[in-house]
Amino acid sequence: MQFSKSTGYALHALIHLARSERGHHVGIKELSAMLGVSESYLSKIMSKLRQDGLVNAVTGASGGYELAKPADQITFLEVIQVVEGRQHLYECFNMNEERHQLFFEAEPSEPEADDFPAGKECLVKKVMLGAERQMNQYLQQHTIQWVLDSASFDCSHA
């Protein structure tokens, strides 16, 4: 699995915004220069972040972007879901084929979605969703503030 470059730019943009002084709005020109990405591409990413309430866009001469909520309340999972979407990473296929039936659990431990034959659970999907839950839990535990707290920034390059 690989996240898009847009996710990386979104996370880095939020970190830069979190590092900026309180009340100092970072313009798209400054932000795109810091990240080494075009203003138009970054504007699309920032628009998604604004629509989902992660950043505020401030208009005017000293306008730009700022975090809409504290950095310790913005999780990696939230940012990824804004940029990548909120769908599951794995979807089972060919559920009605006889050869696929080999991969069903005889007695499911918990009910699953309606796309399975009654009383059956796809074991491949069970493993994949379990892995996704663990990854999401890990991403939920890490915030933009965690990066700031864990990093050693060289202030001479700020």
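Numbers here simply count residues along the sequence, with the first being 1.
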Can you confirm whether [X] sits close enough to [Y] that some side-chain heavy atom of one is under 4.5 Å from a side-chain heavy atom of the other?
X: Arg50; Y: Leu54; answer: no
X: Phe76; Y: Val147; answer: yes
X: Thr75; Y: Leu139; answer: no
X: Tyr65; Y: His25; answer: no

Rounded at 0.5 Å granularity, tell me how far [atom1] in [X] sits from [atom2] in [Y].
X: Leu31; Y: Leu17; atom1: CG; atom2: CG; value: 5.5 Å
X: Ile144; Y: His12; atom1: CD1; atom2: NE2; value: 9.5 Å
X: Ile74; Y: Asp52; atom1: CD1; atom2: CG; value: 11.5 Å
X: Gln81; Y: Leu77; atom1: CD; atom2: CG; value: 4.0 Å
X: Ile80; Y: Ser4; atom1: CD1; atom2: OG; value: 9.5 Å
X: Leu14; Y: Thr143; atom1: CG; atom2: OG1; value: 11.0 Å

Exercise. Where is the tightest heavy-atom contact between Ser32 and Glu39, given as atom of each residue plus distance?
Worked result: OG-CG, 3.2 Å
Exercise. If you take all heavy atoms of Gln87 and Glu132, which pair is closest and at what distance?
Worked result: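 Distance-wise, the nearest heavy atoms are O-OE2, 4.2 Å.
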Exercise. Looking at Met34, His16, Glu66, which one forms a side-chain contact (heavy atoms from CB on, under 4.5 Å) with Val26?
Worked result: Met34
Exercise. Going only through I, L, V, M, F, W and Y residues with side-chain contacts under 4.5 Å, is there a path from Leu148 to Trp146?
Worked result: yes
Problem set entry | Polar side chain donor-acceptor pair, Gln145 to Asp149, under 3.5 angstrom | yes
Exercise. So does Gln134 have more than 12 non-hydrogen atoms from other groups sitting under 6.0 Å from CD?
Worked result: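 No.
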For this session: Carefully, step by step, assess Tyr9 and Tyr41 under the rule ring pair (Phe, Tyr, Trp, His ring centres under 6.0 Å).
Result: CA-CA 10 Å; Tyr9 289 130; Tyr41 181 56; 5.7 Å; yes
For this session: Assign the ring pair His142 / Tyr138 to parallel, tilted or perpendicular, where the plane angle (0 to 90°) is split at 30° and 60°.
Result: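 Plane angle between 30° and 60°, so tilted.
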Exercise. Pairs in or reaching into residues 70-79: which pass salt bridge (charged side-chain N to carboxylate O under 4.0 Å, His left out), with residues at least two apart or in two chains?
Worked result: Lys69-Glu78
